[in-house]
Amino acid sequence: MSFKINLLICFFILHLWAATGHKIGIYEIKKGDFSVKVTNYGARIISVLLPDKNGKIGDVVLGYDTIGEYVNDTSSFGAIVGRVANRIGGARFTLNGTLYKLIANDGENTLHGGPKGFGHVVWKVSKYKKDGPHPHITLTYHSTDGEQGFPGDLLASVTYALEDPYKLSVVMKAKALNKATPVNLAQHTYWNLGGHNSGDILSNDIQIFASHITPLDQHFIPTGKIAPVKNTPYDFLKPRKVGSQFKKLQNGYDINYPLDSTEKLKPTAIVHDKKSGRVMSLQTTAPAVQLYTANTLVKKGKGGFVYQPYSAVCLETQGFPDAVNHPNFPSTIVTPENPYFHKMLFTFSIKKY
């Protein structure tokens, strides 16, 4: 990265600090040999350290070495994305008779809240406990009426907490302060259980507890249909390798799965990297999960390692994409009377065989 670009990024970081009054920093929560680092720029997870089957500690999330690189990031590494995650078709929607025009940043669509969505703003650190029995950090962000085209003021928060050994809880909340508004927050970490620099994840076993997908048109916008996964490459009801059906796909996975369970905290997915022995199990209160296999990723990351396509798996629990334009999808509208709540629970373990 050139000196001129570095200087511009430094000026931009200073501008963000001056504009928000919140300094950009890095915060660690730690329990034994389990550590998670977060930055309040985009409320991002920037590292997760935990042992493999041989006790060797490794970082299992993709990312960068410096805050400046996150400011310049276009891949949403580790970010809380919103106000509405995923895509909104045509960068517009109608709510209570009013047409809202958003900022398009993915062709004619809005992706992850727009060019300055929640992953590209400075959040306030409102609570922080590094270690002890209940390590946690809570970050908050006040999104103003009209920001990126969305209606109403919104107060959003995310709490990252370490629970029992090797459990990471992510709780996202949002309260509409004066108007109804769509809200669909997602945690966009790129996971590689073999280690961030271990290569592709195609040999990882994955199981997704979902019998259906929401098919997409050529612009990656849901058609409105809900289709069964049976006899398709999208069927992960039983564990199988991520790359086992790649030949039947155009370019990896980037698809929404409505979850089968009706439990409040639903079984969502399990990923197993046999080489390291690490297993990640995910549960959520959200109705769906997006499976994304970093299909177009080419980035210079931590330690200068160049991440390539399929070097990570993202499991973004969420409301249905483009729900504001599909009345048959579960509503993502939040009102002052009905706040938003979304929990993810990651449980890490080891299989030695």
Side-chain angles (χ1 to χ4, degrees), residues 27 29 31 34-39 42-48 50 60-63 76-86 112-113 117-119 123 127 134-141 156-174 183-193 206-210 236 255-272 278-292 312-321 330 332 334 339-349:
Y27 304 86
I29 52 176
K31 206 166 193 179
F34 184 30
S35 161
V36 176
K37 288 183 180 178
V38 172
T39 176
R44 296 170 183 246
I45 291 176
I46 60 174
S47 75
V48 175
L50 68 164
V60 297
V61 303
L62 275 57
S76 300
F77 275 170
I80 295 292
V81 292
R83 177 178 306 196
V84 175
N86 218 300
H112 294 332
F118 288 6
W123 294 55
K127 295 179 182 178
H134 305 290
H136 65 278
I137 184 169
T138 298
L139 307 165
T140 58
Y141 177 66
S157 72
V158 58
T159 298
Y160 296 108
L162 303 186
E163 298 188 355
D164 295 331
Y166 308 114
K167 285 188 178 182
L168 168 63
S169 167
V170 183
V171 174
M172 293 161 269
K173 298 179 182 179
V183 176
N184 186 18
L185 305 183
Q187 215 299 325
H188 207 298
T189 291
Y190 287 66
W191 299 97
N192 187 324
L193 296 181
I206 187 169
Q207 182 176 16
I208 300 175
F209 298 94
F236 289 102
I255 194 73
N256 176 63
Y257 287 81
L259 295 169
D260 287 346
S261 175
T262 57
E263 297 175 61
K264 186 173 181 180
L265 192 62
K266 306 169 185 67
T268 304
I270 300 172
V271 183
H272 177 210
R278 294 188 183 102
V279 179
M280 181 176 78
S281 175
L282 173 61
Q283 297 167 279
T284 187
T285 59
V289 62
Q290 185 88 6
L291 171 64
Y292 177 54
V313 60
C314 299
L315 291 165
E316 307 154 58
T317 59
Q318 60 182 1
F320 287 23
T332 54
V334 170
Y340 174 89
F341 178 86
H342 175 187
K343 180 174 181 176
M344 308 173 77
L345 182 62
F346 296 92
T347 301
F348 300 95
S349 58

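None of the values given here were measured: they were computed from a predicted structure.
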ask   = Would Leu291 and Phe236 satisfy side chain to side chain contact (heavy atoms under 4.5 Å, CB included), going step by step from the backbone distance to the final call?
value = CA-CA 11 Å; Leu291 171 64; Phe236 289 102; 4.0 Å; yes

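- Between the Arg278 side chain and the Leu193 main chain, a donor and an acceptor come within less than 3.5 Å of each other.
- Nearest approach of Ser169 to Lys343, heavy atoms of both residues: OG-CE, 3.6 Å.
- Using cut-offs of 30° and 60° on the angle between ring planes, the pair Phe34 and Phe348 is perpendicular.
- Taking each heavy atom of Pro258 and Ala210 in turn, the nearest pair found is O-CB, 3.2 Å.
- Using the six-membered ring where Trp is involved, Trp191 and Phe346 have ring planes that are tilted, between 30° and 60° apart.
- Counting only distance, with no hydrogens or angles, the side chain of Tyr160 and the backbone of Ala43 share a donor-acceptor pair below 3.5 Å.
- For the ring pair (Phe, Tyr, Trp, His ring centres under 6.0 Å) test, residues two or more places apart in sequence or in another chain that qualify with Tyr27 are Tyr128.
- A distance of 8.0 Å separates OG in Ser35 from CG in Leu162, rounded to the nearest 0.5 Å.
- The side-chain heavy atoms of Val158 and Val170, taken from C-beta on, include a pair separated by under 4.5 Å.
- Rounding to the nearest 0.5 Å gives a distance of 10.5 Å between CD of Glu263 and CZ of Phe209.
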inquiry  = With side chain to side chain contact (heavy atoms under 4.5 Å, CB included) as the criterion, how do Gln318 and Asn86 come out once you've worked through the C-alpha distance, each side chain's angles and the decisive distance to 0.1 Å?
reply    = CA-CA 9 Å; Gln318 60 182 1; Asn86 218 300; 3.3 Å; yes

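- To the nearest 0.5 Å, atom CG of residue Leu345 and atom CG of residue Leu282 are 8.0 Å apart.
- His342 places a side-chain N or O within donor-acceptor distance of the main-chain N or O of Leu185, the cut-off being under 3.5 Å.
- Side chain of Arg83 to backbone of Phe118: no donor-acceptor contact under 3.5 angstrom is found.
- Of all non-hydrogen atoms in Leu315 and Val289, the two that sit nearest each other are C-CG2, 3.9 Å.
- Two residues are said to be in side-chain contact when any heavy atoms from C-beta on lie closer than 4.5 Å; Leu259 and Thr268 meet this criterion.
- Taking both residues in full, the closest heavy atoms of Gly63 and Phe77 are given as CA-CD1, 3.7 Å, listed atom of the first, atom of the second, then distance.
- In this structure, Leu139 and Thr39 approach most closely via the heavy-atom pair CD1-O, 4.3 Å.
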query = So Thr317 and Thr284, side-chain hydrogen bond (donor to acceptor under 3.5 Å, both in side chains) or not? Walk me through it.
reply = CA-CA 7 Å; Thr317 59; Thr284 187; 3.3 Å; yes

request  = Please step through side chain to side chain contact (heavy atoms under 4.5 Å, CB included) for the pair Ile46 and Val61, ending with a clear verdict.
outcome  = CA-CA 7 Å; Ile46 60 174; Val61 303; over 6 Å; no

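- Applying the side-chain contact (heavy atoms from CB on, under 4.5 Å) rule to Ala186 yields the partners Val81, Ala85, Glu316; only residues at least two apart in sequence or on another chain are considered.
- Here Thr138 contributes atom OG1 and Trp123 contributes atom CH2; the two are 11.0 Å apart, rounded to the nearest 0.5 Å.
- Distance alone, capped at 3.5 Å, places no donor-acceptor pair between the Thr285 side chain and the Lys264 backbone.
- Side chain of Ser47 to main chain of Ile45: no donor-acceptor pair is present (N/O by atom type, distance under 3.5 Å, no hydrogens or angles).
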message = Between Val279 and Ile270, does the side chain to side chain contact (heavy atoms under 4.5 Å, CB included) criterion hold? Intermediate values first, please.
response = CA-CA 7 Å; Val279 179; Ile270 300 172; 3.8 Å; yes

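- Between Val171 and Lys173, the closest heavy-atom pair is CG1-CE, 3.9 Å.
- Using a distance-only test at 3.5 Å, with no hydrogens or angles considered, a donor-acceptor pair links the side chain of Asn184 to the main chain of Gly319.
- Just one residue in the list Leu62, Val60, Val313 forms a side chain to side chain contact (heavy atoms under 4.5 Å, CB included) with Asn192, and that residue is Leu62.
- In this structure, NE2 on His136 lies 12.0 Å from CD on Glu163, to the nearest 0.5 angstrom.
- When only modelled atom types and interatomic distance are considered, Thr189 and Gln187 share a side-chain donor-acceptor pair under 3.5 Å.
- In this structure, Met172 CE and Phe341 CZ are separated by 9.0 Å, a value rounded to the nearest 0.5 Å.
- Side-chain atoms of His188 do not come within 3.5 Å of backbone N or O of Ile80 as any donor-acceptor pair.
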